[in-house]
Amino acid sequence: MRRIEVTSQLSPKLKQALQTLLDLDQETLEAAWHSCSQKGRGYFTQKIRQAPSGKIREIHIAQPAMHTVQQRILKRVLYSLPISKAAFGGIPKRSHVGAAKTHLQQAGEILQCDIVNAFSTTSYHQVSKALRSRLKSTLVAFSLTAEERRALVGFLVHLMVVSPAGGRFPKLPLGTPTSLAAFNLVWAEIDAEIIKLCHQLSPNDELRYTRYVDDLTFSSNQHIPQELMPRLVYLLKKHGYTLNEEKTRRAHRDQAIIHGLCWRNEQLDLPDQSILNLAKRVHRLQALVTGHPTPQQWQHASQLLKELDFLVQEVYGEESRPQGLVVSSALRQLINTKQHQPARWADELWG
C-alpha cells in the first residue's frame, strides 16, 4: 500500500462539493486542510494511563478547525450511512445497556472477546475503501468523476486519521469525534460476515452477536459452538485484526458481567461494586454543593447528576433504583436552580 501524502491542491469543483456536503465555508475547510498538513497532522496529543491495567494510551485532540470539520463529517456524512445491527457503540439511540440486554435477558452461555489495538490497527486504506463504497451514490449527484470522488473521499479521510509515532501509514486516532463512527463504518462488512457465521453455526438463530466498539459478545441459549472461535480468529485475521486471548472469557449468564452490567432478580442490574462506586459519587455530589462551590463546580455537579440519571434510567427504567443511587428532590432542585443563577461575587472570587 502506497503512502498517502497531504496536498492542498483541490479544484474549485471539489471545494464546492465539500462545502455543500459538509455545509461549511471555504475558509474553515482550508484552515483544517492546512492543519492536517503540518507536523502532528492537526492534533494535540496527551498520554493517559488506563486503570486498572496501567496501560498507556495516546489520545489525540483535534485543533479547532480540524475539530469543527470532524464534527460536520460525523453528523453529515458518517451518521447518514447505513450501520450494522450488531453495533452498539457510538451510535445515537444505542448504548452498552442495549448490547448487554441482548445477551443477559436470555439464559445460556456467553462468550466475550476483545480486539487488540483496534483503532490503531484500522488503516487509512480501510476507512477510504469503506467510505468510497458507501458514498458512491451520494457523490454521483455532484457530477464528479471517479478520480474526483476518490480525491474528495481522500480529503475526508485525511481529516480523520493520524500518523502514529514512528509509523509510516495513517491510522485511526483515539479521542476524536469521528474515530468511533469511522471504525463502525469499516466494521460494517466484518459485522455482516460474523452475523453470517453465527447463522451458519446456529441455523435456529440461537447464537446472538453484538459489538460495543471493540468488544465482541456472543451468547446462546445452549452452548456456544466450539468451532466459533477458530473460525472467528480466521475471519478477523483476514481483515487485519487479532483477538486478545487474555481477555477472552466464557461464562453462564448468572456469572457474566457484560459492559459493566449483570443479570440479577430477573432484571438487568449493576454489580454491587459498581453501585458502591456510584453511591460514593452521589455522596461527593452532596458534599460538593453543600459547601462553597465555584461556578465551575456547580457545572460539574449538574453534569454529574445528568450522567447518573441517564445511567440509572437506562439500566432500571421506571423501576426503583438502589437506595445508594437515590438523589433527594431537595438536592436535585438545588443543583438545577443554582445552575441557572448568575454567579455571586464570592463565586467569582472562588473562580
Side-chain angles (χ1 to χ4, degrees), residues 50-51 57 59 70-71 73-75 77-106 108 110-115 118-119 122 172 174-188 190-192 194-195 198 207-219 247 249 251 253 256-279 281-282 285 302-322 324-327:
Q50 275 192 317
R57 287 191 179 274
I59 304 299
Q70 285 179 349
Q71 287 284 6
I73 293 173
L74 176 67
K75 294 176 182 177
V77 178
L78 297 176
Y79 276 171
S80 70
L81 300 175
I83 53 178
S84 167
K85 66 179 183 179
F88 282 81
I91 298 172
K93 298 183 180 180
R94 297 189 193 180
S95 72
H96 68 291
V97 177
K101 188 178 294 185
T102 298
H103 304 284
L104 292 173
Q105 63 187 359
Q106 303 269 357
I110 292 170
L111 171 67
Q112 297 179 75
C113 310
D114 178 82
I115 304 298
F119 278 27
T122 305
L172 278 182
L174 286 174
T176 66
T178 51
S179 283
L180 182 47
F183 183 74
N184 284 335
L185 177 67
V186 170
W187 267 71
I190 303 173
D191 285 335
I194 295 177
I195 291 172
C198 290
L207 184 55
R208 296 171 290 275
Y209 162 68
T210 64
R211 177 179 57 79
Y212 184 74
V213 191
D214 58 355
D215 291 328
L216 317 183
T217 306
F218 301 85
S219 65
K247 292 187 177 181
R249 52 198 182 277
R253 182 184 70 171
I257 296 179
I258 303 178
H259 312 316
L261 298 169
C262 64
W263 189 261
R264 183 162 48 188
N265 299 326
E266 297 305 314
Q267 68 175 25
L268 205 63
D269 203 353
L270 289 163
D272 291 338
Q273 188 59 52
S274 297
I275 294 176
L276 288 173
N277 292 339
L278 286 171
R281 294 183 69 182
V282 173
L285 176 67
S302 177
Q303 183 62 35
L304 186 61
L305 181 60
K306 288 178 182 177
E307 291 175 0
L308 179 68
D309 284 344
F310 176 79
L311 177 60
V312 171
Q313 179 64 30
E314 281 278 285
V315 176
Y316 299 102
E318 300 302 324
E319 303 293 329
S320 59
R321 64 177 71 184
L325 306 186
V326 173
V327 179

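Model, not experiment: these values are computed from the prediction. Heavy-atom basis, side chains included; hydrogens, waters and symmetry copies ignored.
Smallest separation of non-hydrogen atoms from Phe88 and Ala99: CD2-N, 3.5 Å. What you find for Ser274 and Gly260 is that their closest heavy atoms are OG-O, 4.4 Å. Smallest separation of non-hydrogen atoms from Ile91 and Asn184: CG1-ND2, 3.8 Å. When all heavy atoms of Gln106 and Arg253 are compared, the closest pair comes out as O-CD, 3.4 Å. In this structure, Leu78 and Thr178 approach most closely via the heavy-atom pair CD1-O, 3.8 Å. When every heavy atom of Leu174 is checked against every heavy atom of Arg57, the shortest pair comes out as CD1-NH1, 3.7 Å.
Side-chain atoms of Ser179 never come within 3.5 Å of backbone atoms of Gly175 as a donor-acceptor pair (strictly under, hydrogens ignored). A donor-acceptor contact shorter than 3.5 Å is absent between the side chain of Gln313 and the backbone of Leu308. Of the possible donor and acceptor atoms, one in the side chain of Arg264 sits under 3.5 Å from a partner among the backbone N and O of Leu270.
More than 12 non-hydrogen atoms from other residues, nucleotides or ligands lie less than 6.0 angstrom from OH of Tyr79.
In this structure, Ile110 and Leu104 have side chains that are in contact, with non-hydrogen atoms separated by less than 4.5 Å. Leu311 is listed as a side-chain neighbour of Leu278, based on a closest heavy-atom distance under 4.5 Å. With contacts defined as side-chain heavy-atom distances shorter than 4.5 Å, the pair Thr217/Arg211 does not qualify. A heavy-atom distance below 4.5 Å is not found between the side chains of Asp214 and Phe119. When side chains are defined from C-beta on, Leu74 counts as touching Gln71, because their heavy atoms get closer than 4.5 Å. Contact of the Lys85 side chain with the Thr210 side chain is not registered, since no non-hydrogen atoms from C-beta on lie closer than 4.5 Å.
Salt bridge status for Asp114 with Arg249: absent, with no side-chain N to carboxylate O gap under 4.0 Å.
Every residue two or more places apart in sequence or in another chain that forms a ring-ring contact (aromatic ring centres under 6.0 Å, His included) with Phe218 is listed here: Tyr209. For Glu314, the side-chain hydrogen bond (donor to acceptor under 3.5 Å, both in side chains) partners at least two apart in sequence or on another chain are Ser95.
Classification of the His96-His259 ring pair by plane angle, with boundaries at 30° and 60°, yields perpendicular.
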Practice task
Quick one: do Arg208 and Thr102 satisfy side chain to side chain donor-acceptor pair (under 3.5 Å)? Show the steps, please.
Solution key: CA-CA 8 Å; Arg208 296 171 290 275; Thr102 298; over 6 Å; no

